[in-house]
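Here is the structure we will look at, set down as structure tokens.
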Amino acid sequence: MEYIRRITEADRAAPSSAPSCFLCEAAAYPVDSPEAKERLVLLHDQRGLIVLNRYPYTNGHVLVACGDHVGDLTDLSTQQRGGLMELVALAEATLRIAFNPQGFNVGLNLGRCAGAGLPGHLHAHVVPRWSGDTNFMQTVGEVRVIPDALEHSFEYLSVALGKVGKK
């Protein structure tokens, strides 16, 4: 338990603006800039940001992140938690228009042992799902099959986000 507690404390002690945080780097550029597009940023405002996942489980897999480099829900203000959920709902609406999924997985991985690849910057995964969208490739072949290029998914989502904003 002492070893496990030390790991947990080290993850929590992440600096407030870690230079290697891809979400902080993505948030550093205006959303319409070439740098933001290169980082697949769909939206960045006072609530946080929506970014297309560079290593998706399926087409349209996005990350919804807080604007601040904070690792735990309990470290967010009520307003920040509300803003995060507003962006999750916006991501869901955008994905519905862009890809017409039949369902969604929405989740938070809090801490490295829970699957957080970036434990210092809180973010939610919003993953569109379709009946029969699982296959043996990831399990047997250790490879993911994504039927569309990230650039195409980014364009579909950008157009859909514009439509959601006009409703």
Side-chain angles (χ1 to χ4, degrees), residues 4-5 7-101 103-129 150 153-167:
I4 292 170
R5 285 187 186 102
I7 292 172
T8 303
E9 289 168 7
D11 279 347
R12 287 180 186 267
S16 61
S17 58
S20 62
C21 177
F22 73 91
L23 293 170
C24 289
E25 290 171 2
Y29 299 99
V31 76
D32 293 328
S33 71
E35 294 87 359
K37 187 173 182 179
E38 180 181 315
R39 287 164 175 78
L40 304 173
V41 178
L42 293 159
L43 179 135
H44 178 219
D45 64 16
Q46 73 281 358
R47 298 170 294 185
L49 61 154
I50 300 174
V51 180
L52 184 61
N53 190 337
R54 190 166 297 281
Y55 305 102
Y57 292 113
T58 189
N59 278 25
H61 177 175
V62 298
L63 305 176
V64 178
C66 299
D68 296 326
H69 190 88
V70 175
D72 291 316
L73 282 169
T74 56
D75 293 333
L76 297 177
S77 69
T78 302
Q79 183 178 356
Q80 287 172 310
R81 284 192 298 273
L84 183 68
M85 288 312 297
E86 286 175 13
L87 289 180
V88 167
L90 179 59
E92 177 191 343
T94 301
L95 287 161
R96 282 191 192 284
I97 291 171
F99 296 108
N100 195 30
F104 291 92
N105 289 124
V106 176
L108 300 167
N109 299 327
L110 303 176
R112 194 169 304 283
C113 72
L118 184 62
H121 198 136
L122 182 68
H123 59 282
H125 293 259
V126 182
V127 183
R129 301 303 304 264
L150 283 176
S153 292
F154 183 83
E155 292 304 320
Y156 300 144
L157 288 166
S158 294
V159 169
L161 185 59
K163 290 178 181 177
V164 171
K166 292 178 182 164
K167 285 186 171 183

>> Are the side chains of R47 and L84 in contact, using a 4.5 Å heavy-atom criterion?
In response: no

> Heavy atoms, side chains only, cut-off 4.5 Å: are L157 and L95 in contact?
Replying inline: yes

> Which atom pair, heavy atoms only, marks the closest approach of L52 to F154?
Replying inline: CD2-N, 3.8 Å

> Is there a side-chain contact between N59 and P128, using heavy atoms and a 4.5 Å cut-off?
Replying inline: no

> Taking side chain as C-beta onward, heavy atoms only, is L90 less than 4.5 Å from E86?
Replying inline: no

> How many angstroms lie between atom CD1 of I50 and atom NE2 of H44, to the nearest 0.5 angstrom?
Replying inline: 11.5 Å

>> To check you understand the geometry: which heavy-atom pair defines the closest contact between V126 and A91, and what is its length?
In response: CG2-CB, 4.3 Å

> What heavy-atom pair brings S158 and L42 nearest, and what distance separates the two atoms?
Replying inline: OG-CD2, 3.5 Å

>> Are the side chains of L40 and S153 in contact, using a 4.5 Å heavy-atom criterion?
In response: no

>> If you compare all heavy atoms of V88 against all heavy atoms of A124, which two are closest, and at what distance to 0.1 Å?
In response: CG2-CB, 4.0 Å

> Any donor and acceptor pair, going by atom type alone, linking the side chain of R39 with main-chain N or O of E35 inside 3.5 Å?
Replying inline: yes

> With a 4.5 Å limit on heavy-atom distance, are the side chains of L76 and L122 in contact?
Replying inline: yes

>> So which atom in L118 and which in H123 form the shortest heavy-atom distance, rounded to 0.1 Å?
In response: O-CE1, 3.9 Å

>> Can you tell me how far apart CD (E92) and CG (L87) are? Round to the nearest 0.5 Å.
In response: 13.0 Å

> Rounded to the nearest 0.5 Å, what separation is found between the CZ atom of R129 and the OG1 atom of T58?
Replying inline: 7.0 Å

> Would you say Y29 and V41 make side-chain contact, with heavy atoms under 4.5 Å?
Replying inline: no

>> With a 4.0 Å cut-off on N to O distance, would you call E155 and K37 a salt bridge?
In response: yes

> Under 3.5 Å, is there a donor-acceptor pair between the side chain of R81 and the main chain of L73?
Replying inline: yes

> Looking only at heavy atoms, what is the nearest atom pair of H61 and H125, with distance?
Replying inline: NE2-ND1, 2.8 Å

> Parallel, tilted or perpendicular for Y156 and F99, by the 30°/60° rule?
Replying inline: perpendicular

>> If we ignore hydrogens and angles and just use 3.5 Å, is the side chain of H121 paired with the main-chain N or O of D68 as donor and acceptor?
In response: yes

